[in-house]
Amino acid sequence: MKIAFFTDTFYPDINGVANTLKRYTDYLDSRGITYKVFAPEGFDKSEGKEYISSQIHRLKSLSFFLYPECRLALPNVMRIKAELEDFAPDIIHVATPFNVGLCGVYFGNKLNIPLVGSYHTDFDYYLQFYDLQFLSKYLWKYMKWFHRPFRKIFVPSAVTFNQLNRHGFSNLEKWPHGVDCQAFHPYYNRKIVRSKLGINKKYLLTFVGRLAPEKDLKTLMAVAKSLPYDLNQHLQWLIIGDGPLRDELQKEAASNMIFTGYLKGDSLAEAYSVSDLFIFPSPTETFGNVVLEALACGTPVVGANAGGVKNIINPGITGTLCEPGNVEDFTRAIVQLLTHRNLRNEMGLEARNYALTQKWDDIFDTLISQYSEIVDMPPAEKIFA
């Protein structure tokens, strides 16, 4: 089988979509399955160079004004068509509904190549964090139109499945995400890692994610300020990530907050593993990869009872779910877990055990089997004549 991916974000971009697709293509490499990725230019800031691979067709792009770190591709249609015809894929997988994704749909229709899509981002929920709720009706019309030609739409959680089903989407299929439990584990040297990160307080609370409005960092900062003084003086916060709100957050942050920027690989796993709790107030996740990574490192999660996160956390067993945006609810949960060490340790063990069942290879094996079935299905409706 030969697979063509069309996506507006790919490694070395740091986000859930890019990370999932990179993990998937690594799996395809290990299985000897041929693929080609069509994606915008990707510049690795930590390496200071563009990530280049013969299996990736990079497209010229511009920075997107709402998301400076995201790219809007400027596709050369003739070049894409020539490369796609030369590659002759059995199936096209479209991962994003923007310029590159539209190219994938267009060529799937034109060249009669079976199309599937994956739905990774709750753009409708994002709108309220940018005061753009008035666009919701038009967004859903576009999203339904865009996804109409797909023989299957793969969604990462039951919450997203039900949301799309309510909005009239068809051909939905669950595609959960996994975690690499060899990379993310609780067995790092706690003393060495804490020293490396500059942690000198008794407790460590960690957030990982893009520093952007849709992650509800307003709630995170309010929670940090509302913790009781006698507890607050013994804890530090580790804020891992970057984004448009970083400067603003650092200006208002207390002295016990450390901003690291993006971390990846062992550095990220180490941070999870030495954290006492992972705090994640974002209500907009269709899945929540960082939540599963924290669980794999044996770290209980205090998260928002919304989106895909509530499908990952087992309340009272691997963490706590709080009402989105409810500062008192998050504060109460953090205090309870920090002051009950045995409960926290039991949750950490259960978190690791759960993560061990979420294996990427099993998930991708299932997806490849579904591809094989899809190739033999009758074509879906075309949106490009």
Side-chain angles (χ1 to χ4, degrees), residues 1-11 13 17-18 20-22 24-25 28 33-42 53-62 64 70-121 123 138-155 164 167-173 175 367-385:
M1 180 177 291
K2 291 193 289 186
I3 308 162
F5 294 96
F6 282 78
T7 175
D8 292 85
T9 182
F10 190 69
Y11 182 86
D13 295 350
V17 182
T20 298
L21 293 178
K22 181 61 166 62
Y24 188 17
T25 54
L28 297 176
I33 298 174
T34 306
Y35 65 89
K36 175 76 71 173
V37 178
F38 294 84
E41 299 160 321
S53 167
S54 61
Q55 292 165 302
I56 303 176
H57 178 98
R58 291 292 186 183
L59 308 171
K60 294 291 184 183
S61 63
L62 298 173
F64 181 41
C70 297
R71 310 296 298 180
L72 281 178
L74 304 173
N76 184 319
V77 176
M78 296 308 295
R79 284 188 60 191
I80 294 174
K81 182 174 184 290
E83 187 156 352
L84 195 62
E85 288 180 322
D86 182 63
F87 180 60
D90 298 292
I91 195 167
I92 290 176
H93 184 142
V94 175
T96 52
F98 303 117
N99 293 14
V100 183
L102 280 167
C103 284
V105 174
Y106 175 79
F107 286 117
N109 289 168
K110 286 292 185 183
L111 303 177
N112 292 315
I113 302 169
L115 281 163
V116 298
S118 47
Y119 193 98
H120 298 271
T121 307
F123 293 108
Y138 305 103
L139 172 68
W140 280 116
K141 283 184 178 180
Y142 171 74
M143 296 298 269
K144 286 183 68 176
W145 171 83
F146 178 84
H147 288 86
R148 211 164 60 208
F150 298 136
R151 301 187 184 191
K152 287 289 183 183
I153 304 169
F154 296 104
V155 298
L164 296 186
H167 281 279
F169 287 65
S170 58
N171 302 325
L172 299 171
E173 193 78 41
W175 178 31
L367 188 59
I368 291 297
S369 296
Q370 290 172 319
Y371 279 176
S372 298
E373 297 174 4
I374 289 165
V375 168
D376 296 326
M377 289 172 60
E381 182 180 351
K382 295 184 178 182
I383 62 173
F384 294 107

Between atom [atom1] of [X] and atom [atom2] of [Y], what is the distance when rounded to the nearest 0.5 Å?
X	Y	atom1	atom2	answer
Y371	F154	OH	CZ	6.0 Å
H147	Y142	NE2	OH	8.5 Å
M143	I153	CE	CD1	9.5 Å
K152	Q370	NZ	CD	7.0 Å
K60	L74	NZ	CG	9.5 Å
S170	R148	OG	CZ	10.0 Å

Looking only at non-hydrogen atoms, find the nearest pair between [X] and [Y] and report the distance.
X	Y	result
A18	T9	CB-OG1, 3.7 Å
H120	V17	CB-CG2, 3.4 Å
A73	V100	CB-CG2, 3.4 Å
F10	A39	CB-CB, 3.9 Å
G104	L115	O-CD2, 3.5 Å
E41	S61	OE1-OG, 3.1 Å

Subject >> Centroid-centroid under 6.0 Å between F98 and F123 rings >> reply: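 Ring centres of F123 and F98 closer than 6.0 Å.
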Original post:
Aromatic ring centroids of Y35 and Y24 under 6.0 Å?
Top reply: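 Not under 6.0 Å, so no.
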Heavy-atom distance under 4.5 Å between the side chains of [X] and [Y], does that happen here?
X	Y	answer
T34	F87	yes
L84	I92	yes
W175	L367	yes
P89	K36	no
N171	V116	no
I33	I368	yes
F6	I80	yes
L28	F5	yes

Can a donor-acceptor pair be found, under 3.5 Å and without considering hydrogens, that links the side chain of [X] to the backbone of [Y]?
X	Y	result
K110	V105	no
Y106	V77	no
T96	D8	yes

Original post:
Does the pair F146 and V94 meet the rule for a side chain to side chain contact (heavy atoms under 4.5 Å, CB included), with working shown?
Top reply: CA-CA 10 Å; F146 178 84; V94 175; 3.7 Å; yes
**OP:** Describe, in one word, how the ring planes of H57 and F38 are oriented to each other, choosing from parallel (under 30°), tilted (30 to 60°) and perpendicular (over 60°).
**Re:**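 It falls in the tilted class, 30° to 60°.
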Subject >> K2, NZ atom: more than 12 neighbouring heavy atoms under 6.0 Å >> reply: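 Atom NZ in K2 is crowded, with more than 12 foreign heavy atoms closer than 6.0 Å.
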